[in-house]
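Below, all heavy atoms of this structure are taken into account, side chains as well, without hydrogens, waters or symmetry copies.
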Amino acid sequence: MKTRLLLILSLLFCLNSFAQNKYSSAAKKSFKEGAKAYSEGRNEDAIAAYTSAISAESGFAEAYLNRSIVYLKLVDYTNSFADAKSAYALAPEQSAIHNQLGKCYYNDGHLDSARY
């Protein structure tokens with residue numbers, strides 16, 4: 001029983017380690033800079049940092065999502081919607097992306113799609 005528990009824990013640790021290393025260190029650094037800038041209210045800097053993360057890793061769904069959130073805050077619905085769609089194409093299972101898409105559809109006047 002003890003060996004099975006250790007095996008399960010070691011497998012979970014390995015899976016978690018692989019998930020943490022999904023993106024390059026440059027992309028993760030830019031992403032963290034974007035999050036910091038956004039939390040400090042520096043929206044243009046946040047957009048630039050998330051754009052840098054996306055340039056480093058084109059499949060960085062979370063960077064698209066966060067950039068979409070910043071664009072929505074800046075009332076730039078076109079770019080917000082485009083980034084939300086890009087994030088969804090990369091990671092359709094993430095509930096935060098569904099939430100952001102709903103906000104984008106709502107602000108675009110598509111209430112049925114927003115509700116869906």
- Looking only at heavy atoms, the pair that brings Glu33 and Ala49 closest together is C-CB, 4.0 Å
- Message: Please say yes or no: joined through hydrophobic side-chain contacts below 4.5 Å, possibly via intermediate residues, are Leu74 and Ile54 part of one cluster?
- Response: no
- Item | Worked verdict on Tyr105 versus Phe81 for ring-ring contact (aromatic ring centres under 6.0 Å, His included) | CA-CA 8 Å; Tyr105 277 118; Phe81 203 17; 4.8 Å; yes
- Message: So, taking the atom named CG in Asp45 and the one named OG in Ser52, what distance separates them when rounded to the nearest 0.5 Å?
- Response: 12.0 Å
- Message: Within this structure, what is the CD-NZ distance for the pair Glu57 and Lys28, rounded to the nearest 0.5 Å?
- Response: 9.5 Å
- Item | Joint hydrophobic cluster, Val70 plus Leu65, side-chain heavy atoms closer than 4.5 Å | yes
- Query: How close do Ala37 and Ala46 get, heavy atom to heavy atom, and via which atoms?
  - Reply: CB-N, 3.6 Å
- What is the distance from atom OH of Tyr50 to atom OG of Ser55, rounded to the nearest 0.5 Å? 14.5 Å
- Under 3.5 Å, side chain of Ser80 to main-chain N/O of Asp76, donor-acceptor pair present? no
- Taken to the nearest 0.5 Å, the spacing of Gln100 CD from Leu72 CG works out to 5.5 Å
- Is a donor on one side and an acceptor on the other found under 3.5 Å between the side chain of Ser30 and the backbone of Ala26? yes
- Message: So if I apply the side chain to side chain contact (heavy atoms under 4.5 Å, CB included) rule between Tyr71 and each of Thr78, Ile47, Asn66, which one comes out positive?
- Response: Ile47
Going by atom type alone, with no hydrogens or angles, which donor-acceptor pairs under 3.5 Å involve a side-chain atom of residues 87-98 and a protein atom two or more places apart or on another chain?
unit_1 : atom_1 : unit_2 : atom_2 : d
Gln94  : NE2    : Glu62  : OE2    : 3.1
His98  : NE2    : Pro92  : O      : 2.6

- Under the 3.5 angstrom rule, does the side chain of Ser68 hit a backbone N or O of Tyr64 as a donor-acceptor pair? no
- Item | Side-chain heavy-atom pair Tyr38, Ile69 within 4.5 angstrom cut-off | yes
- Query: How many angstroms lie between atom OG of Ser24 and atom CZ of Phe31, to the nearest 0.5 angstrom?
  - Reply: 13.0 Å
